[in-house]
2 protein chains.
Amino acid sequence: MNALHLDNQLCFAVHAASRAFDALYRRQLTELGLTYPQYLVMLVLWEREPLSVKELGTALRLDSGTLSPLLKRLEAAGLVDRERDPADERSVLVRLTPEGARLRERAEPLPGRMLESTGMSPGELADLHAALGRLTRSLTEAAR
Amino acid sequence: MNALHLDNQLCFAVHAASRAFDALYRRQLTELGLTYPQYLVMLVLWEREPLSVKELGTALRLDSGTLSPLLKRLEAAGLVDRERDPADERSVLVRLTPEGARLRERAEPLPGRMLESTGMSPGELADLHAALGRLTRSLTEAAR
DNA sequence: TACAACTCGATTGTGCACAACTTAATTGGG
DNA sequence: CCCAATTAAGTTGTGCACAATCGAGTTGTA
């Protein structure tokens with residue numbers, strides 16, 4: 001047993017799973033004209049809008065260095081609008097265009113299909129989801 | 001319960017955990033002069049060398065588009081050497097320099113510290129590791 | 001109220017991930 | 001034996017992630 005062995009490292013298992021999800025989503029999302037991180041942004045906006053870049057960043061744990069260009073691409077694709085918040089000119093409010101809102105219907109079947117591709121039972125999925133939540137909190141805590 | 005809600009999506013939990021690991025590793029690795037993906041490459045080479053780019057890619061599930069520039073940076077840092085395989089001129093064999101081999105000792109304490117930062121028991125870790133393995137296999141299978 | 005501290009967002013630079021393509025070497029079937 | 005198919009690396013282009021930095025707007029306090 002060697003602690004430096006790749007197969008023994010949880011980090012690699014997480015990394016690999018993340019890329020496997022990403023690859024599967026990529027296929028499903030190309031027909032919607034979205035990348036996976038763009039899809040995550042749309043998920044948040046379908047839930048609640050308008051949101052400032054800051055609020056989006058809090059929800060997705062991303063900073064403006066990632067979000068600014070991503071949102072610019074979503075705007076260029078006609079899916080979102082951006083405007084300065086009149087109440088606080090530092091903030092930029094992001095909202096869905098009608099086309100962005102309409103895209104939700106075409107995205108609706110995605111989570112179900114993805115869930116099916118995991119090949120896991122609802123119980124297993126719940127356990128895994130919970131364990132990952134604990135893990136992320138511990139790692140974030142350790143990084144402070 | 002809304003299937004499109006971010007918090008209900010396993011994919012986001014995996015994505016977030018992966019980035020949390022990445023962030024914590026980044027801190028530990030800067031003093032070794034490595035990024036996290038470079039560290040993964042070194043892990044494989046510490047285990048077994050020489051390896052062709054192809055074999056490294058199989059172990060890490062990465063293609064030459066990712067590995068070629070990464071290996072070039074490791075070479076520039078003096079940690080690996082690259083040379084064409086005399087037995088098959090298509091292949092490039094990657095091996096550790098003495099400096100690259102020496103770095104292993106400084107990396108030795110890392111997995112233990114990371115494990116500690118997960119805040120999980122060995123049993124929990126084993127379960128999570130196994131679940132992620134099943135997940136990655138299912139997702140990879142579904143993408144075929 | 002003046003101004004220092006802070007907040008928000010955008011930008012720049014580095015590196016990873018992957019698709020699509022190119023080039024060179026090898027292999028195998030007719 | 002020859003050439004078409006295959007294989008291995010590398011290159012190019014796009015997009016994500018993040019650190020560091022900047023400028024404009026806001027806030028708290030002396």
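Side chains included, hydrogens not; waters and symmetry mates left out as well; all remaining heavy atoms used. Residue numbering restarts at 1 for every chain, and letters A, B, ... go by the order of the sequence lines.
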Answer yes when R134(A) and E124(B) have at least one side-chain N-carboxylate O distance shorter than 4.0 Å, and no when they do not.
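A salt bridge links R134(A) with E124(B).
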On DNA chain D, check which nucleotide each of L67(B) and P69(A) is closest to and give me the residue with the more 5' one.
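Final value for this comparison: L67(B).
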At a heavy-atom distance below 4.0 Å, what parts of residues 17-27 of chain B sit against DNA chain D?
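Result for residues 17-27 of chain B: R19(B), R26(B), sorted by number.
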Of L93(A) and L70(B), whose nearest nucleotide on DNA chain C comes first from the 5' end?
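Checking each residue's closest nucleotide, the 5'-ward one belongs to L93(A).
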Nearest to the side chain of L62(A) - dC18(D), dA9(D), dG25(D)?
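Nearest to the side chain of L62(A) among the choices is dC18(D).
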Output the single nucleotide from dG10(D), dG15(C), dT7(C) whose closest atom is nearest the side chain of V92(B).
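That would be dG10(D).
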Have a look at S91(A) and say if it touches a base, only the backbone sugar-phosphate, or nothing, with a 4.0 Å heavy-atom cut-off.
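The residue S91(A) makes sugar-phosphate contact but no base contact.
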Could you work out which one of dA17(C), dA17(D), dT26(C) sits closest to the side chain of P37(B)?
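My answer, after comparing the listed nucleotides, is dA17(C).
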Can you tell me how far OG of S64(B) sits from CG of L70(B), rounded to the nearest 0.5 angstrom?
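It comes to 12.0 Å.
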Options dA9(D), dG9(C), dA19(D), nucleotide nearest the side-chain atoms of D63(A):
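Nearest to the side chain of D63(A) among the choices is dA19(D).
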What is the distance from CZ of R84(B) to P of dA9(D), rounded to the nearest Å?
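Rounded to whole Å, this separation is 8 Å.
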Whole Å only: how far is the NZ atom of K54(A) from the C1' atom of dG25(D)?
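So the two atoms are 15 Å apart, to the nearest Å.
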Do R137(B) and E141(B) have side chains that approach each other closer than 4.5 Å (heavy atoms only, starting at C-beta)?
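Not touching, per the 4.5 Å side-chain cut-off.
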Could you check how far CG of L71(A) sits from C1' of dT11(C), rounded to whole Å?
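Computing the L71(A):CG to dT11(C):C1' distance gives 15 Å.
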Between P of dA17(C) and CD of Q38(A), the distance in whole Å
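Whole-Å distance recorded here is 19 Å.
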Could you tell me the separation between the CG atom of L56(A) and the P atom of dA10(C), rounded to a whole number of Å?
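Spelled out: CG on L56(A) to P on dA10(C) is 11 Å.
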Return the value, rounded to whole Å, for the distance between atom CG of L40(A) and atom P of dG15(D).
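To the nearest whole Å, that distance equals 17 Å.
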L74(B), L93(B): one ILVMFWY side-chain cluster at the under-4.5 Å cut-off?
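Result: no, two separate clusters.
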Test: R95(A) and E49(A) ion pair at under 4.0 Å
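Looking at R95(A) and E49(A), the cut-off is not met.
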Ignoring backbone atoms, test whether K72(B) places a side-chain nitrogen or oxygen under 4.0 Å from the OP1 or OP2 oxygen of dA9(D).
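False: K72(B) side-chain N/O out of range (4.0 Å or more) of dA9(D) OP1/OP2.
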Could one point to a donor on the side chain of S64(B) or the base of dG10(D) with an acceptor on the other under 3.5 Å away?
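It does, because a donor-acceptor pair links the side chain of S64(B) to the base of dG10(D) below 3.5 Å.
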For atom CD of E89(A) and atom P of dT27(D), their distance in whole Å:
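Taking CD of E89(A) and P of dT27(D), I get 12 Å after rounding.
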What's the CZ-P distance between R90(A) and dA5(C), to the nearest Å?
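Checked: the CZ to P distance equals 17 Å.
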Quick check on dT11(C): is either OP1 or OP2 less than 4.0 Å from any side-chain nitrogen or oxygen of S68(A)?
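For dT11(C), neither OP1 nor OP2 has a side-chain N or O of S68(A) closer than 4.0 Å.
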Earlier contact from the 5' end, DNA chain D, for D88(B) and T35(A)
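By nearest-heavy-atom nucleotide position, the 5'-most residue is D88(B).
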Run the ring-ring contact (aromatic ring centres under 6.0 Å, His included) test against Y25(B) and tell me which residues pass, sequence neighbours left out.
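Once residues adjacent in sequence are excluded, the partners of Y25(B) under the ring-ring contact (aromatic ring centres under 6.0 Å, His included) criterion are Y36(B), Y39(B).
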Is there a side-chain contact (heavy atoms from CB on, under 4.5 Å) between L71(A) and V41(A)? Walk through the geometry before answering.
CA-CA 9 Å; L71(A) 291 170; V41(A) 168; 4.0 Å; yes
Does the side chain of R82(A) get closer than 4.0 angstrom to OP1 or OP2 of dA10(C) through an N or O atom?
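So the side-chain polar atoms of R82(A) do come within 4.0 Å of the phosphate oxygens OP1 or OP2 of dA10(C), strictly under.
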Output the distance between atom OG1 (T30(A)) and atom CZ (R26(A)), rounded to the nearest 0.5 Å.
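The distance works out to 9.5 Å.
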